[in-house]
Protein chains: 2
Amino acid sequence: MGSFINRCNFISPLSEQICSELQFLLKTKVIKKGELISKQNQTNMSLYYVESGLVKHFYYRNNRPLILQFFKENSFFLILDSFLSNKPSEFMTTAIETTRVSYLEYQNIEKLASKYHQFETLYRKIMSRATLGTYNRFKDIFEHDATSRYDKFLVKNPELMQRISLGDLAAYLGISQVSLSRIRAK
Amino acid sequence: MGSFINRCNFISPLSEQICSELQFLLKTKVIKKGELISKQNQTNMSLYYVESGLVKHFYYRNNRPLILQFFKENSFFLILDSFLSNKPSEFMTTAIETTRVSYLEYQNIEKLASKYHQFETLYRKIMSRATLGTYNRFKDIFEHDATSRYDKFLVKNPELMQRISLGDLAAYLGISQVSLSRIRAK
DNA sequence: AAATTGTTTTTACAAATGTTAAAAAAACTT
DNA sequence: AAGTTTTTTTAACATTTGTAAAAACAATTT
């Protein structure tokens with residue numbers, strides 16, 4: 001069984017029946033390094049799971065890139081603004097490394113959720129996690145200065161440090177690359 | 001019929017049957033200016049509606065108050081971190097003005113949601129709105145400097161300017177009160 | 001190896017924000 | 001009204017972050 005389904009089961013148990021139906025509805029896609037998974041102004045309501053690789057969810061503001069979130073292997077992600085409002089997204093998602101994703105399209109999420117109570121519970125939990133993720137991201141930016149944001153990132157994601165460029169890390173921390181370089185110099 | 005229910009109907013239509021059952025389950029509370037609606041470390045899973053008044057949702061970090069959000073009359077709010085994780089909240093909620101709230105306790109939300117599909121839809125929409133609110137709050141902090149955050153607040157919430165102290169506004173914008181005073185001086 | 005391109009660091013200066021303390025203004029109490 | 005308390009502004013200085021340009025370093029191509 002694929003790790004999308006394993007991960008689902010870990011979050012909230014699903015019957016054999018649901019698993020096999022889910023397996024049938026899941027699609028897979030490989031995105032080469034540098035290519036887009038989801039474009040700006042695209043209405044994207046799929047639930048993605050990173051089987052392998054690394055993606056960034058980002059946009060531009062005043063010609064500077066700002067990264068909302070990184071998603072590495074074994075993570076769910078979705079284009080939250082589009083998903084919740086059923087509108088085109090302001091953001092884009094691109095592969096930092098060549099990435100394999102499994103994904104479930106919205107109509108199939110709805111289908112499974114209305115058919116199976118267990119799936120609806122899973123769905124709700126995944127949405128809660130996404131919301132709490134946004135909440136934590138907000139708090140991090142709101143209450144800490146750049147230096148402590150950097151220090152925290154280092155402790156929490158040591159393995160990502162080898163996989164992310166400093167430019168991307170600066171765009172995630174919300175500071176200029178020069179400023180990040182200065183912080184590191186200490 | 002109370003404005004809690006009117007507001008629900010505006011967001012997503014409810015049958016007469018649901019409305020009267022909801023009416024029956026709703027509770028009301030008056031919180032005097034300065035008093036707490038929800039304490040830190042309290043597990044609070046009610047859905048609140050501000051009938052009249054104004055509240056702030058906030059916490060302290062390094063002895064400085066930080067305000068996550070204001071909620072004025074005709075707004076839903078919930079203690080999102082507690083609600084989604086079923087754990088004690090890091091935050092507290094207090095009345096800036098004497099406030100009347102209607103609220104629906106979690107077990108009753110669940111009850112209505114599992115009994116009525118229309119209510120489940122409403123519930124989902126309210127949660128989506130809360131999540132999008134957090135998203136917008138994050139973006140505001142992430143991409144704009146303090147001056148433009150202040151300018152935007154002014155345009156978007158002119159009537160609140162008369163009701164909120166500068167200290168509270170600074171705590172909302174994430175800057176010191178001195179810094180806010182400087183911004184205003186321009 | 002040399003040339004090219006991309007990434008990271010350094011330098012120098014400007015702008016924004018924090019901190020502390022004091023002054024001024026406004027709101028509240030007696 | 002006078003006194004008291006709270007809120008807001010101002011001043012002076014320190015720290016953080018931004019910007020632009022150059023230098024150093026690393027990776028890639030020819």
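Residue numbers begin at 1 in each chain, while the letters A, B, ... track the order of the sequences. What's counted below: heavy atoms across the whole structure, side chains too, no hydrogens, waters or symmetry copies.
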Checklist outcome for this item: Taken in chain and number order and not counting sequence neighbours, the residues that satisfy side chain to side chain donor-acceptor pair (under 3.5 Å) with B:Glu97 are B:Arg163

Tell me which donor-acceptor pairs under 3.5 Å the side chains of residues 174-183 of chain B have, and how far apart each pair is, sequence neighbours excluded?
from, atom 1, to, atom 2, distance (Å)
B:Ser176, OG, B:Ser179, N, 3.1

Checklist entry - Bend across the helix from C:dA1-D:dT30 to C:dT30-D:dA1, to 10°, with axes taken over 5 pairs at each end? => result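 If I round to tens, the end axes sit 30° apart.
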
Next on the checklist: Tell me which pairs pass side-chain hydrogen bond (donor to acceptor under 3.5 Å, both in side chains) where either residue lies in residues 36-45 of chain B, with sequence neighbours left out.
Outcome noted: B:Ser38-B:Asn44, B:Asn44-B:Tyr48

Atom pairs and distances, side-chain donor-acceptor, residues 63-70 of chain B, under 3.5 Å, sequence neighbours left out:
from, atom 1, to, atom 2, distance (Å)
B:Gln69, OE1, B:Tyr172, OH, 3.4

Checklist entry - Can you list every pair that meets salt bridge (charged side-chain N to carboxylate O under 4.0 Å, His left out) and has a residue in residues 11-22 of chain A, with sequence neighbours left out? => result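 Counting only pairs at least two positions apart or across chains, the salt bridge (charged side-chain N to carboxylate O under 4.0 Å, His left out) contacts touching residues 11-22 of chain A are A:Glu21-A:Lys115.
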
Checklist outcome for this item: Residue set satisfying side chain to side chain donor-acceptor pair (under 3.5 Å) with B:Glu105, at least two apart, ordered chain then number -> B:Lys27

Next on the checklist: Among residues 145-163 of chain A, which ones have heavy-atom contacts with DNA chain C below 4.0 Å?
Outcome noted: none

Item to check | Under 4.0 Å protein heavy-atom contact, by nucleotide of nucleotides 24-30 of chain C - B base, S sugar-phosphate only | outcome: -------

Item to check | Where protein sits on nucleotides 6-15 of chain D, one letter per nucleotide: B base, S sugar-phosphate only, - none, heavy atoms under 4.0 Å | outcome: --BBBBB---

Item to check | ring pair (Phe, Tyr, Trp, His ring centres under 6.0 Å) involving B:Phe119 - partner list, sequence neighbours excluded | outcome: none

Checklist entry - Other than A:Val30, which residues form its hydrophobic cluster under the rule that side-chain heavy atoms must be closer than 4.5 Å? => result none

